[in-house]
Amino acid sequence: MLSAPHRMLRSEDFAAAVKGGVRSGNRALVVHLNADDDGDNSPALVGVVVPKKQVARATHRNRIKRRLRALLAARVDLLPAGSRLVVRGLAGADGASSQQLARQLDRALARVGVAVPQSVSGQLAPGGESV
């Protein structure tokens, strides 16, 4: 589970990440990263959204958000301090396995400049359980 200091809650943070950051996407998700280099030692904030237009059923949207949050909890320490990361789940994430979702997330993070070591890429969720 994503720890409280790393949860993005304010709409201003979401907007800053989406409008001011770099973007990378694939069939299952889109990643927006705004890495501020102002020497801020605040924790990196992570937000997950799944638009209703992309995934119509609420149960499917919530499942995608839970799975992405679990994957991001293992990767939040890789983000630069003070950065804002928004992951937008798309319709392709609904049918993807946890391994496929993890690979697609790691590729998207690598394209926006976050180095994901192989040891993190192979893990599903904290505790080794599938999401």
Side-chain angles (χ1 to χ4, degrees):
M1 183 169 178
L2 198 57
S3 62
H6 294 289
R7 288 187 205 135
M8 189 180 299
L9 302 174
R10 299 177 340 155
S11 62
E12 296 87 19
D13 292 329
F14 279 90
V18 171
K19 292 179 183 169
V22 293
R23 177 176 74 100
S24 175
N26 53 46
R27 190 175 77 74
L29 49 91
V30 177
V31 173
H32 300 270
L33 178 68
N34 187 352
D36 293 333
D37 293 335
D38 56 355
D40 191 10
N41 280 340
S42 63
L45 295 180
V46 176
V48 177
V49 294
V50 180
K52 189 185 254 187
K53 245 182 175 175
Q54 290 287 325
V55 182
R57 298 190 66 170
T59 55
H60 293 235
R61 285 194 309 274
N62 290 333
R63 180 177 41 221
I64 292 168
K65 286 189 272 190
R66 271 194 316 272
R67 292 169 70 200
L68 286 172
R69 279 192 211 109
L71 291 169
L72 288 165
R75 292 156 176 80
V76 71
D77 293 333
L78 304 172
L79 300 173
S83 64
R84 308 288 182 260
L85 176 74
V86 173
V87 179
R88 184 168 24 115
L90 303 176
D94 194 18
S97 70
S98 294
Q99 293 88 357
Q100 292 169 332
L101 204 54
R103 276 194 305 273
Q104 291 178 355
L105 176 62
D106 290 342
R107 273 190 237 129
L109 287 173
R111 279 183 264 166
V112 296
V114 177
V116 180
Q118 189 66 24
S119 61
V120 173
S121 296
Q123 117 184 31
L124 298 178
E129 59 201 26
S130 67
V131 186

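Residues: numbered from 1 along the sequence shown.
Taken to the nearest 0.5 Å, the CZ atom of Arg107 stands 12.0 Å off from the CG atom of Leu109. In this structure, NZ in Lys65 is found 13.5 Å from CG in Leu2, a value given to the nearest 0.5 Å. Distance CD/Gln99 to CG/Leu71: 9.5 Å, rounded to 0.5 Å.
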Practice item. Would you please test Met1 and Arg7 for side-chain contact (heavy atoms from CB on, under 4.5 Å) and show each step? Key: CA-CA 10 Å; Met1 183 169 178; Arg7 288 187 205 135; 3.3 Å; yes

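For Asn26, the side chain to side chain contact (heavy atoms under 4.5 Å, CB included) criterion is met by Ala28, Leu29, Gln104, Ala108, Arg111, not counting sequence neighbours. For Arg10, the salt bridge (Lys or Arg N to Asp or Glu O under 4.0 Å) partners are Glu12, Asp13, not counting sequence neighbours. Contacts of Asp94 classified as salt bridge (Lys or Arg N to Asp or Glu O under 4.0 Å), with partners at least two apart in sequence or in another chain: Arg63.
Leu33 and Leu68 fall within a single hydrophobic cluster, where Ile, Leu, Val, Met, Phe, Trp and Tyr are joined by side-chain heavy atoms under 4.5 Å apart, directly or via other members. Residue Leu105 is not grouped with residue Val49 when hydrophobic side chains (ILVMFWY) are merged at heavy-atom distances under 4.5 angstrom, including chains of intermediate members. Linking Ile, Leu, Val, Met, Phe, Trp and Tyr residues whenever their side-chain heavy atoms come within less than 4.5 Å places Leu72 and Val22 in a single cluster. Hydrophobic clustering (side-chain heavy atoms under 4.5 Å, transitive across Ile, Leu, Val, Met, Phe, Trp, Tyr) groups Leu78 together with Val48. Side-chain heavy atoms closer than 4.5 Å link hydrophobic residues (I, L, V, M, F, W, Y) into clusters, and following such links, even through other members, never connects Leu79 to Val86.
Within the 4.5 Å cutoff, no side-chain heavy atoms of Pro43 are placed close to those of Val76.
Contact record, Val55 with Ala91: CG2-CA, 3.9 Å, taken as the closest heavy-atom pair. Residues Gly89 and Ile64 come closest through the heavy atom pair CA-CG2, 4.4 Å. When all heavy atoms are compared, the tightest approach of Arg67 to Ser97 is NH2-C, 3.0 Å.
Judged by distance alone, with hydrogens and angles left aside, the side-chain atoms of Arg84 form a donor-acceptor pair with the main-chain N or O of Gly82 at under 3.5 Å. Panel note: side chain Gln54, backbone Pro51; no donor-acceptor pair is recorded below 3.5 Å. With hydrogens and angles disregarded, a donor-acceptor distance shorter than 3.5 Å links the side chain of Asn34 to the backbone of Ala16.
Of the candidates Val112, Val30, Val31, Val30 is the only one forming a side chain to side chain contact (heavy atoms under 4.5 Å, CB included) with Arg23.
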